[in-house]
Amino acid sequence: MENIREQLSRLVGEALNKASGIADCDPNVITASRPEFGDYQVDGVMAAAGRCGRKPRELAEAAIAGMSDEDSLVASVEVAGPGFINIRLNDQALMARGNEVLRDPQSLIPADSRVQKIVVDQSSPNLAKEMHVGHLRGTVIGDCLSRVLERLGHEVIRQNHVGDWGTQFGMLIAYMRELDREFNKSASLLQTELEDLETFYRAAKDKFDSDPAFADRARLSVVRLQGGDPEYLEAWQSFIDESLRHCQEIYRRLDVGLTLADLDAESRYNDDLEGIIRELDEKGLLQESDGARCVFLPEFKGKDGEPLPVIVQKSDGGYLYSTTDLAAVKMRSFDFEADRSLYVVDARQSLHFRQVFAVAQAADMASANISLEHIAYGTIMGSDGRPYKTRSGDSVKLADLLDEAVARALELVSEKNPDLAEDERRLIAENIGIASVKYADLSKNRMSDYVFDWSTMLSFEGNTAPYLLYACTRIKSLLRKRPQESPTEELTSLEHAEERALLLKILQLPEVVSLVARECYPNLLCNYLFELAGVFMRFYEACPVLKAEPQTRDSRLALALLAEQALEQGLDLLGIQTLERM
RNA sequence: GCGCCCGUAGCUCAACCGGAUAGAGCAUCGGCCUUCUAAGCCGAGGGUUGCAGGUUCAAGUCCUGCCGGGCGCGCCA
């Protein structure tokens, strides 16, 4: 089923095409900016009038006269201002849509008419270290976008492009050998050393920076590793396995859908890199500069207007991030045959991606119709305006961050609802704590930096996860008290403005979801859900449900059921699960 | 120096790819619980959208130039 906006766009668009004589008018239908303008407004008439040289209001009248409305969706239309068309929808049509959703909740968000194959590159931690705050956004935003696209019926290929290769692993292996000169340490002892990967990494790094002889051994280790020495490969694998266990534990806690099957590790491309260089050379794109092999493209200029290189092979023969990414573009284009490839990666890498995409296109490593999109996000800042760090200046481990969120949530739940059993409070706190962190992130415009602030995200007021979860528990509590004899609820009336406003808002969920799928801004969905929760709260305050006359009561229960569906399905797309009580 | 992003209420953020009178939340002040969870609802104050031009019926949104901030720019990822 088309959503309301799509249907109106089609109806008005066709009428506008006919009236203007222009085949491809954009009616530009949006939800009304003010209640007195009705439910939806048409903003595209003025532009169309400009194109065909007619007076906007006159064209608007002509379009209205020629509008067909097979489903009687529209109750009234009027021309307003310089040439807007204000549309008010028919209550019966709204209720019919609502009742359809009651019969089939999944129909609230229908599948896209055009199914695509979409790669979503997400999370992508460096396996040499533990996951830290820097990985939160790419993990959570990537998961949300994957859920949204999957829900619309697209074939989503999640790719976790973990860093599992390169110089730091030489360093780790060399340091492990310091602790256990010939790899003789028992497996369990090694295990304990690796459990705190972060500490291990820092110790190795310190030694690397302070001890030149060790640094040489580290570099040598990289050579042995890349040369395929079985002993070194085994040591490397032990790091990778341990690190992946850490990641999976974080993903499980975050309720993020990434699994080992989604791994797209850098090392996957080891055997392809030589071929990438050869291919660039055959295309005449390769140049040598100071011993490194580079691609120079005219659209990229560096200092003083000099050409800016994309280095694809170091002077020592080693390959780089760019080379691996080119190989990945190729695989996504021609093996996966993806329609879109989304890279949910820090905004600081935008130049890198512009270059990689441009080189891939110049070298025909990207198929002609794949859409390569860098879904960039900003940095999480501390209250000092610097990137979020611990007081001592270290990066904050994601595991610690989640622990603290849950601890703070437990404190608040215990304070607000001391009667609940401790077990239940703990479960609720786990849910709320994690949800708060995720929601605080998803609800911000992904492009901008934001300040990480416990008190606002867990304040349980305003545009936060707790507010939304609370709205859900109110609905669920209401539904639990439904009279036993109540038949299958159905919408039968919309007497109060609050009822109508709630139903309309619920039916707009699919419009927002398709917008998020296109633009990749999860905060649009958060804004919508916050508004939806607000509309529900107002309905809840204004319209008694259980005490109303049976017919009104059942109609309002139907509305509550729909609100529950919209909130639950919307939150699920954010990766947040609802609670029965809190 | 060049490039990308950003500048909106005291604070944190919106504004559906140019639309009508720029919206929320926090904070402040004032109302609403013998009635479905008050983690809530209602109301008030608070703005020259960094500055100056330009494009047009219409600009927070697009263009140009300044001011201020963040990030990036040849062998890390």
Side-chain angles (χ1 to χ4, degrees), chain A residues 5 28 30-34 36-37 41 43-44 46-47 49-50 56 80-84 86 124 126 128 161 163 165-168 266 289-294 300-306 308-316 318 320-322 324-325 346-352 354 376 378-379 381 385 412-413 415-417 432 443-445 447-451 453 455-456 459-464 466-467 469-471 473-482 511-512 515 518-519 521 523-524 526-528 530-531 534 537-538 540-542 544-548 556 560 581-582:
Chain A
R5 187 176 170 181
N28 197 4
I30 64 171
T31 51
S33 55
R34 303 166 60 78
E36 55 275 31
F37 299 154
Q41 62 186 58
D43 290 351
M46 280 86 79
F84 297 100
N86 292 338
S124 307
N126 178 351
H161 199 70
W165 202 244
T167 48
Q168 27 353 4
E266 282 181 299
S289 174
D290 295 334
R293 311 180 91 176
C294 312
F300 297 102
K301 298 260 192 284
K303 300 180 173 85
D304 308 321
E306 285 169 21
L308 190 67
V310 179
I311 302 177
V312 290
Q313 189 170 23
K314 298 191 284 184
S315 50
D316 68 3
L320 293 128
Y321 189 31
S322 310
T324 315
D325 272 341
D346 194 301
R348 284 173 288 199
Q349 293 185 33
S350 77
L351 177 61
H352 166 77
R354 279 172 46 220
T379 307
M381 311 294 262
L412 285 161
V413 173
E415 178 189 317
K416 292 285 181 190
N417 218 337
I432 292 178
S443 61
K444 266 90 185 178
N445 185 312
M447 280 302 290
S448 44
D449 299 343
Y450 76 91
V451 176
D453 181 9
S455 61
T456 52
S459 76
F460 292 53
E461 278 163 358
N463 189 6
T464 62
Y467 177 82
L469 292 172
Y470 178 62
T473 60
R474 275 187 142 181
I475 300 175
K476 285 174 183 297
S477 169
L478 193 58
L479 295 174
R480 275 197 302 272
K481 292 176 180 153
R482 236 186 315 187
E511 301 173 14
V512 179
L515 191 63
R518 198 172 64 239
E519 307 285 340
Y521 282 92
N523 67 301
L524 298 173
C526 295
N527 290 346
Y528 164 84
F530 177 58
E531 285 166 12
M537 292 288 200
R538 260 160 266 153
Y540 184 91
E541 300 276 341
V545 177
L546 299 175
K547 290 175 195 64
R556 286 177 180 170
R581 45 178 68 81
M582 60 188 274

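Here is how names work: the chains are called A, B, and so on, in the same order as the sequence lines, proteins then strands, and each is numbered from 1.
For the OP1/OP2 pair of B:G74 and a distance below 4.0 Å, the side-chain nitrogens and oxygens of A:Ser315 include no atom meeting the criterion. A sub-4.0 Å separation between OP1 or OP2 of B:C41 and a side-chain N or O of A:Tyr467 is present.
Using a 4.0 Å heavy-atom cutoff across all strands shown, A:Asp290 reaches at least one base atom of the nucleic acid. Note on A:Asn523: only backbone sugar-phosphate atoms sit closer than 4.0 angstrom, heavy atoms only; bases stay farther off.
For B:C36, its base never sits under 3.5 Å from the side chain of A:Ser477 at any donor and acceptor pair.
Comparing atom distances between the A:Arg348 side chain and each of B:G72, B:G3, B:A77 picks out B:G72 as nearest. Out of B:A77, B:A15, B:C41, the shortest distance to the side chain of A:Arg538 is found at B:C41.
Here B:C13 presents its C1' atom at 9 Å from CG of A:Asn445, a figure rounded to the nearest Å.
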* Structure fact -> Per-nt protein contacts along nucleotides 18-33 of chain B (heavy atom under 4.0 Å; B base, S backbone sugar-phosphate only, - none) come out as -BBB--SSS-------
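Looking at RNA chain B, the stems built from 3 or more consecutive Watson-Crick or G-U wobble pairs, each pair with its key distances under 3.5 Å, are B:1-5 with B:69-73, B:10-13 with B:23-26, B:28-32 with B:40-44, B:50-54 with B:62-66.
For A:Tyr540, the ring pair (Phe, Tyr, Trp, His ring centres under 6.0 Å) test picks out A:Phe536, with sequence neighbours left out. With sequence neighbours excluded, the residues forming a side-chain contact (heavy atoms from CB on, under 4.5 Å) with A:Ser448 are A:Asn445, listed by chain and number. Checked against ring pair (Phe, Tyr, Trp, His ring centres under 6.0 Å), A:Tyr467 has the following partners two or more places apart in sequence or in another chain: A:Phe530.
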Could I get a table of every N or O pair under 3.5 Å where one atom is in the protein and the other is in nucleotides 44-49 of chain B?
none

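Comparing A:Val451 and A:Pro466, the nucleotide of RNA chain B nearest to each residue sits closer to the 5' end for A:Val451.
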